[in-house]
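Reading through the structure tokens given below for one structure.
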Amino acid sequence: MNIFVARLNFKTRREDLEAAFAQFGQVTSAKIVKDRDTGRSKGFGFVEMANDEEANKAIAALNETELDGRTIVVKPANPKAPGEGGATQS
DNA sequence: GCTGAGCGC
């Protein structure tokens, strides 16, 4: 289950998201989206969880909650668009 | 050093 997390604090790290979602279930992967050129945080990220049911309740539990001092928005992520850099999704 | 909707190379 891929989860989209927005309005994060600019100093929030991947391990912060991973720890936040790990409280509700097993986090397969966590990632903060940073700018490709500057390398600064864009203020949003993605979290992947092993169990979908834990992911759903983690979304409901962490959505519109305070993380690192900022209210975050958590919701299901959209499928990554196929491109020259990404692997083709079956 | 900064900002604040939205979707990752």
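Chain letters run A, B, ... following the sequence lines, proteins first, then strands; residues in each count from 1.
- The separation between A/Arg40 atom CZ and B/dG8 atom P is 20 Å, rounded to whole Å.
- Listed by residue number, A/Val73, A/Lys75, A/Pro76, A/Ala77, A/Asn78 are the residues of residues 68-78 of chain A with a heavy-atom contact under 4.0 Å to DNA chain B.
- In terms of heavy-atom proximity, A/Met49 sits nearest to A/Thr28 at C-OG1, 3.3 Å.
- Atom CD of A/Glu64 is separated from atom P of B/dG4 by 19 Å (rounded to the nearest Å).
- If you measure from atom CZ of A/Arg36 to atom C1' of B/dC7, you get 16 Å, rounded to the nearest angstrom.
- Shortest non-hydrogen contact noted between A/Leu62 and A/Ala20 is CD1-O, 3.4 Å.
- Atom CD1 of A/Ile59 and atom C1' of B/dC7 are 13 Å apart (whole Å).
- B/dC7 atom C1' lies 6 Å from atom CZ of A/Phe44, rounded to whole Å.
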Identify each donor-acceptor pair in which a side-chain atom of residues 52-61 of chain A lies under 3.5 Å from a protein atom, sequence neighbours left out, and give them as a table.
{"from": "A/Glu54", "atom 1": "OE1", "to": "A/Gln26", "atom 2": "N", "distance (Å)": "3.3"}
{"from": "A/Glu54", "atom 1": "OE1", "to": "A/Asn51", "atom 2": "ND2", "distance (Å)": "3.3"}
{"from": "A/Asn56", "atom 1": "ND2", "to": "A/Asp52", "atom 2": "O", "distance (Å)": "2.7"}

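- Within the structure, the salt bridge (charged side-chain N to carboxylate O under 4.0 Å, His left out) test picks out the following pairs touching residues 13-25 of chain A (sequence neighbours left out): A/Arg13-A/Glu15.
- Rounded to the nearest 0.5 Å, atoms CD1 (A/Ile3) and OG (A/Ser29) are 11.0 Å apart.
- Among B/dG4, B/dG8, B/dG1, the nucleotide with an atom closest to any side-chain atom of A/Arg7 is B/dG4.
- For DNA chain B, the neighbouring residues in residues 17-35 of chain A, judged by any heavy atom under 4.0 Å, are A/Lys31, A/Val33.
- Distance, A/Lys42 NZ to B/dA5 P: 16 Å, rounded to whole Å.
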Using distance only, find each side-chain donor-acceptor pair of residues 34-42 of chain A under 3.5 Å and give its atom names and separation, not counting sequence neighbours.
{"from": "A/Asp35", "atom 1": "OD1", "to": "A/Asp37", "atom 2": "N", "distance (Å)": "2.7"}
{"from": "A/Asp35", "atom 1": "OD1", "to": "A/Thr38", "atom 2": "N", "distance (Å)": "2.7"}
{"from": "A/Asp35", "atom 1": "OD1", "to": "A/Thr38", "atom 2": "OG1", "distance (Å)": "3.2"}
{"from": "A/Thr38", "atom 1": "OG1", "to": "A/Arg40", "atom 2": "N", "distance (Å)": "3.4"}
{"from": "A/Ser41", "atom 1": "OG", "to": "A/Phe10", "atom 2": "O", "distance (Å)": "3.4"}

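- Across all strands, A/Arg14 comes closer than 4.0 Å to no nucleic acid atom at all (heavy-atom distances).
- Applying the ring-ring contact (aromatic ring centres under 6.0 Å, His included) test to A/Phe46 and every residue at least two apart in sequence or in another chain returns A/Phe4.
- Across B/dG6, B/dT3, B/dC7, the shortest atom-to-atom separation from the side chain of A/Phe46 is found for B/dC7.
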List the atom pairs, with distances to 0.1 Å, where a side-chain N or O of residues 67-75 of chain A and a protein N or O form a donor-acceptor pair under 3.5 Å, not counting sequence neighbours.
{"from": "A/Asp68", "atom 1": "OD1", "to": "A/Lys11", "atom 2": "NZ", "distance (Å)": "3.3"}
{"from": "A/Asp68", "atom 1": "OD2", "to": "A/Asn9", "atom 2": "ND2", "distance (Å)": "3.2"}
{"from": "A/Asp68", "atom 1": "OD2", "to": "A/Lys11", "atom 2": "NZ", "distance (Å)": "2.5"}

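- Between A/Lys11 atom NZ and B/dG4 atom P the separation is 18 Å, expressed in whole Å.
- In this structure, A/Val5 is not a member of the same hydrophobic cluster as A/Val33, with clusters built from ILVMFWY side-chain heavy atoms closer than 4.5 Å.
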